[in-house]
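Structure first, commentary second.
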Amino acid sequence: MRKDCKVEKLFKLKENGTNVRTEVIAGLTTFMTMAYIIALNPNILAGYGFTDGGMQLWNAVFLATCVASGIAMICMAFIANKPFCLAPGMGLNSFFAVVVGNIAMMTGMTYVASFQAALVIVLAEGIVFVVLTLANIREKIVESIPLGVRLGISPAIGLMLLNIGLGSNIYIANSDGQQFFVMKDFFGSLTANVASTTMGDAYPVMVLSVVTLFIGLFSIIILQKRGIKASVILGMLIASVIYWAGDMLFLGINPFEALATASWIPPFADMATLTLFKFDFAGFMQIGWFTVITLIVTFCMIDMFDTIGTLVGTASRAGMVDEEGKMPQMKEALLCDSVGTCVGALTGTSTVTTFVESASGVEAGGRTGLTALTCGIMFLLCMFIAPLAQIIPAPATSAALVYVGVLMLGGLSKVDFHDFDVMVPVALMLIAMPISSSIGHAIGIGMISYTVIKVFSGKAKDVSVLTYVISLLFLVKFFLVA
């Protein structure tokens with residue numbers, strides 16, 4: 001009883017209309033939807049081909065991903081008391097890998113040395129964010145986004161989640177290495193026969209994936225309609241069992257085969273050797289100051305608006321914002337994001353940011369930092385149980401993403417589509433976010449269009465100075481930054 005009282009006092013569960021069970025389930029739900037990053041992030045950052053760092057760099061980035069994500073979420077739990085979960089951001093990690101490759105070509109350094117030089121950029125970004133957050137500048141940037149545009153962020157994220165769930169999250173490769181996707185290649189085919197011929201030996205796996213996805217989706221919906229709070233995680237478990245059974249019964253594949261040879265020992269030595277506090281400042285100086293400043297500003301802008309968009313959109317869905325669209329403890333949440341980026345640089349991974357998959361945990365009832373703490377603990381445990389996280393099939397996570405995406409579209413009811421000043425920016429965000437796969441870029445397009453419409457319709461005074469500055473910065477980024 002005393003433990004329950006301590007948890008209640010620490011996370012203010014009753015005040016937020018939740019309880020320990022709901023929060024833990026919400027944390028596990030978010031973990032299952034974002035666990036893919038544990039293996040995918042080192043795949044991307046280690047250069048897939050493991051150029052000169054070998055498997056050691058993969059191991060180091062894998063461990064850094066678990067540690068940085070876990071620490072960032074623990075900060076979110078105890079500093080901000082919010083259910084938002086963090087990890088190295090998709091898109092930002094790909095950009096980081098490109099930067100590492102470019103540094104290697106520019107300087108002639110090895111991939112590992114270039115990686116260590118690029119970590120200096122991430123550290124600088126994190127420090128800049130900490131300063132901006134403590135100075136309340138990031139919070140003011142959030143407030144500078146017009147309310148109408150802010151209301152459109154949540155449904156735009158919903159469309160992005162739908163695009164991920166039905167598009168990029170599930171990809172099947174045939175024996176020739178060709179990749180196929182659910183919406184484009186399965187539902188986009190003229191007939192089933194055409195799809196089968198085009199995909200070859202990947203077609204049976206695609207069919208199993210599509211069936212699993214929709215069984216998982218409809219399971220979540222039916223369980224939710226019956227009032228079961230754990231509907232999302234239960235639906236994902238049902239989908240996982242269906243997929244594993246299909247693997248064994250119809251495809252003759254043992255889905256647990258990898259567990260037999262998996263390593264359960266965290267690769268601490270590899271991280272200590274290659275990435276832990278391994279900043280190559282000499283290599284960093286070879287890049288050139290203009291390039292360095294451009295890269296830092298680019299990383300900052302992408303991460304800042306990705307984070308802002310995720311926080312505002314998810315908080316809106318959870319009812320955590322007031323009538324003016326403001327979220328309590330926004331400064332603290334942004335600070336946790338900044339700390340996560342610094343820890344990521346120190347351990348050896350790209351920018352840590354708030355994950356859009358946090359919406360799945362919020363939809364499962366998560367309202368406090370206990371959700372983030374649960375997810376953070378799972379990430380830390382993955383240092384030891386990573387193979388278990390990796391057997392969660394993509395169709396199961398897609399079912400949750402599609403479900404949450406549909407629910408977030410409900411935010412469109414709050415948008416005034418009779419007001420062109422709001423309707424056009426929101427409409428552009430709705431299409432830009434899923435296509436570009438960047439929350440930040442979509443918000444930038446929305447901000448620019450809002451400013452242009454206001455200025456040329458004689459309402460320039462309605463636009464704040466900070467909105468003008470942000471719109472200008474995005475114009476520079478889109479058209480002038482090399």
Side-chain angles (χ1 to χ4, degrees), residues 31 34-75 86-90 92-94 96-97 99-101 103-104 107-127 256-284 339-352 375-392:
F31 168 73
M34 62 186 286
Y36 66 86
I37 196 66
I38 294 169
L40 184 56
N41 194 51
N43 279 349
I44 293 172
L45 297 189
Y48 282 103
F50 307 134
T51 46
D52 60 86
M55 196 64 187
Q56 279 186 306
L57 183 58
W58 194 99
N59 289 338
V61 176
F62 154 75
L63 196 55
T65 301
C66 295
V67 172
S69 303
I71 291 175
M73 284 185 265
I74 290 172
C75 289
L86 305 93
M90 288 298 297
L92 285 163
N93 54 8
S94 297
F96 180 88
V99 169
V100 172
I103 292 174
T107 63
M109 295 190 299
T110 64
Y111 189 88
V112 170
S114 301
F115 187 95
Q116 293 167 343
L119 286 177
V120 179
I121 300 172
V122 179
L123 178 63
E125 175 199 353
I127 293 172
F256 311 112
E257 185 178 0
L259 297 179
T261 57
S263 173
W264 304 84
I265 303 174
F268 291 114
D270 292 334
M271 186 173 79
T273 302
L274 295 180
T275 62
L276 185 63
F277 297 99
K278 299 295 182 182
F279 298 108
D280 188 344
F281 289 98
F284 173 73
V339 171
T341 294
C342 290
V343 174
L346 294 171
T347 53
T349 184
S350 56
T351 306
V352 173
C375 190
I377 290 172
M378 291 303 299
F379 264 80
L380 292 176
L381 286 176
C382 274
M383 293 189 294
F384 306 92
I385 61 170
L388 290 180
Q390 292 175 30
I391 64 172
I392 301 171

Legend entry - Partners meeting side chain to side chain contact (heavy atoms under 4.5 Å, CB included) with Leu259 (sequence neighbours left out): Phe256, Trp264, Pro387, Leu388, Ile391
Just distance, no hydrogens or angles: give the donor-acceptor pairs under 3.5 Å from side chains in residues 271-278, sequence neighbours left out.
residue: Thr273; atom: OG1; partner: Ala269; partner atom: O; Å: 2.8
residue: Thr275; atom: OG1; partner: Met271; partner atom: O; Å: 3.4
residue: Thr275; atom: OG1; partner: Thr347; partner atom: O; Å: 2.7

Inset, instruction - Return the orientation label for the Phe281 and Phe284 ring planes: parallel under 30°, perpendicular over 60°, tilted otherwise. - result: perpendicular
Legend entry - Where Asn93 and Ser350 come nearest, the two heavy atoms and their spacing: CB-OG, 3.3 Å
Inset, instruction - Taking the side chain as every heavy atom from C-beta outward, state whether Phe379 and Leu86 have any pair of such atoms under 4.5 Å apart. - result: no
Legend entry - Nearest non-hydrogen partners of Ala345 and Val122, listed with the distance: CB-CG1, 3.9 Å
Legend entry - Listed partners of Thr65 passing side chain to side chain donor-acceptor pair (under 3.5 Å), at least two apart: Asn41
Inset, instruction - Measure across Leu63 and Pro266 and return the closest heavy-atom pair with its distance rounded to 0.1 Å. - result: CD1-CB, 4.1 Å
Legend entry - Check: Val112 and Gln56 side chains under 4.5 Å, non-hydrogen atoms: no
Legend entry - Test item: Leu346 and Phe279 side chains (from C-beta on) under 4.5 Å apart, heavy atoms: yes
Legend entry - Test item: Thr349 and Leu45 side chains (from C-beta on) under 4.5 Å apart, heavy atoms: yes
Inset, instruction - Work out which heavy atom in Cys75 is nearest to a heavy atom in Val339; give both atom names and the distance. - result: SG-CG1, 4.0 Å
Inset, instruction - Scan for side-chain hydrogen bond (donor to acceptor under 3.5 Å, both in side chains) pairs involving residues 113-127, sequence neighbours excluded, and state none if there are none. - result: Glu125-Thr351
Legend entry - Heavy-atom check, side chain of Met34 versus side chain of Ser69, under 4.5 Å: no
Inset, instruction - Of all the heavy-atom pairs spanning Met73 and Gly376, show the shortest one and how long it is. - result: SD-N, 3.6 Å
Legend entry - Student check: side-chain heavy atoms of Cys382 and Phe31 closer than 4.5 Å: yes
